[in-house]
Structure formats: C-alpha cells, structure tokens
2 protein chains.
Amino acid sequence: MNNIFKALADPNRRKILKLLREKDMFVGDILENLNITGASLSHHLQILKNADLVLSEKKGQYVEYSLNTTVFQDVLKWIYDITDKDDPKGGKDE
Amino acid sequence: MNNIFKALADPNRRKILKLLREKDMFVGDILENLNITGASLSHHLQILKNADLVLSEKKGQYVEYSLNTTVFQDVLKWIYDITDKDDPKGGKDE
DNA sequence: AAGGTATTTAGATAAATATCTAATTATCAA
DNA sequence: TTGATAATTAGATATTTATCTAAATACCTT
C-alpha cells in the first residue's frame, strides 16, 4: 500500500492517471500535457508502474501506457476499512 | 486534494488514522503505538489536521483526536472518477 | 549502415520531509 | 504557588524526492 499512496501523492502523477483514464497513451503524448522534461516523466512513470497503477507495452519505437484499474480496488478497500467504524477491522497496512 | 494525498502518503500517519478508526484518542495514547517522539507525532497530527482528516479537541490537560470521515468521501470520489471510464470526466484535481 | 526520433538511465542539485533534542506553553494537583 | 505531566513549537539534521541536463539505448526509415 505504501507504494500506492506515495505514488498518488504527486500532482503530476495524478494528472497522468487522469489522462490515461481517457485513453491509452504514448509517452510523448503524455509529455505534451505536463510541463516537465521527458526524463522527469520517465521517473514518474516508473513510480506509477512500481505501484502497479499503470501498465506499459512497447509498441515499436513507442511505449504505450495504460491505467491498471484493479489496483484502485485496494485503495477503495483501505478507505472503506477506515470509514466503516464497525467491521472486520482492516487488514495490515503495508 | 493534494494535502489529503500527501497526508496519506506516510505509514505512521496511516497508522494514526487506523487507530482513530477504533476510538477517539489522546495524543499520549496514540504515541504509545508509534515508535516516534512526541514532537514527531505532533508534526504528523498537524499534517492530518491540515488535510482535515482528523479533528482535535482540547480536554483539560489533554488533546483528543478523532477521525473526520467526511473527507474520505472526496478521496472515494476521486478514485471513482479515475476508475469509471465513461462518465462526467472528473473535476479538477487540486 | 547512418541518421533520426522516442524513451530511459546516469548523475547532479535544490526543495521537501521525517525525525530528533531542547525549549516552551498550558493545565492539573498538592 | 510550585512541581509534574501533556502537548506543541523551534531549530537542526539526514533522507527522500522532483527536477534538470547529458548520455545511452532502442527502434524506425532511407
């Protein structure tokens, strides 16, 4: 969970996720939306991948990134655990 | 939203939230669960308060902290926005 | 093969953050 | 009022993190 929350704690990374929500995108296309260098973007994408929030697939010269929505289920569950006062008492955090 | 995600991006702070899920607590009681100094804890509580994730009430010599579950609704909404591909297209992030 | 484009990696740096000790403030109890 | 306890604030430090430029890698096109 720590990787996930850390990954979500940056505005640029959240913006990337929002972009990918609409459609799968190549790195270059994402880059045009983000006022940072390609190197910085690569760094952010690495962090998102590490948290399993995005998937990447090499397509020839390009790399296409997509949202991995399954992981968000874990986050939702974590929040529900916090929110629901009377219940199974949430599992471990990390 | 940035304050919230930043606040959630630390294990100790998430642990505090889990503790408060069970019951309202005084700072000292929280402290016993956390292998950090009181000063550090104060710092974390400040960040959580700033994100509106917790509320505090002075009770004599003590300060009692409690979970403010309403804010989690915003996080849930944010995640739903990300998750639901076809829909109003989420509002601004910050 | 040679040159061009897309992306990542390396290395450096500045800013943010988590933590600590020591000092301060506020309240309680004799 | 004095001494003890609870919590926060101040100031310092080490780690993490976001960012950059430059270099490397991978693939495409001619």
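Note on naming: letters A, B, ... go to the chains in the order of the sequence lines (proteins, then strands), and numbering restarts at 1 for each one. The analysis underlying the following values was restricted to heavy atoms, covering all of them including side chains, and did not include hydrogens, waters or symmetry mates.
The CD1 atom of B:Ile30 sits 9 Å away from the P atom of D:dA7 (whole-angstrom rounding). With rounding to whole Å, B:Phe5 atom CZ is found 16 Å from C:dT17 atom P. C:dC28 atom C1' lies 17 Å from atom NZ of B:Lys59, rounded to whole Å. Protein atom CG of B:Leu8 is 14 Å distant from nucleotide atom P of C:dT17, rounded to whole Å. One interatomic measurement links the two molecules: CG of B:Leu34 to P of C:dA18, which rounds to 14 Å at whole-angstrom precision. In this structure, B:Lys58 atom NZ and D:dA6 atom C1' are separated by 8 Å, rounded to whole Å.
A side chain to side chain donor-acceptor pair (under 3.5 Å) check over residues 25-35 of chain B, counting only residues at least two apart or in different chains, returns nothing.
For A:Ser66, the side-chain contact (heavy atoms from CB on, under 4.5 Å) partners two or more places apart in sequence, or in a different chain, are A:Asp24, A:Leu55. Partners of A:Gln61 according to the side chain to side chain donor-acceptor pair (under 3.5 Å) rule, which considers only residues two or more places apart in sequence or in another chain, do not exist here.
To the nearest 0.5 Å, atom CZ of residue A:Arg14 and atom CH2 of residue B:Trp78 are 6.5 Å apart.
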(request) Mark up nucleotides 12-23 of chain D, 5' to 3', with B wherever a protein heavy atom is under 4.0 angstrom from a base atom, S wherever such an atom reaches only the sugar-phosphate, and - elsewhere. (result) -----SBBBBB-

(request) Encode nucleotides 1-7 of chain C as B, S and - characters from 5' to 3', where the letter depends on protein heavy atoms closer than 4.0 Å: B to the base, S only to sugar-phosphate, - to neither. (result) ---BBSS

(request) May I have the step-by-step check of side-chain contact (heavy atoms from CB on, under 4.5 Å) for A:Tyr65 and A:Glu57, ending in yes or no? (result) CA-CA 7 Å; A:Tyr65 279 81; A:Glu57 186 183 352; over 6 Å; no

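With salt bridges taken as basic N to acidic carboxylate O contacts below 4.0 Å, one links B:Asp81 and B:Lys77.
Contact check for B:Arg13 versus B:Lys15: no side-chain heavy atoms found under the 4.5 Å cut-off.
Think of B:Phe26 as one node in a network of Ile, Leu, Val, Met, Phe, Trp and Tyr side chains linked at under 4.5 Å; its network also takes in B:Tyr62.
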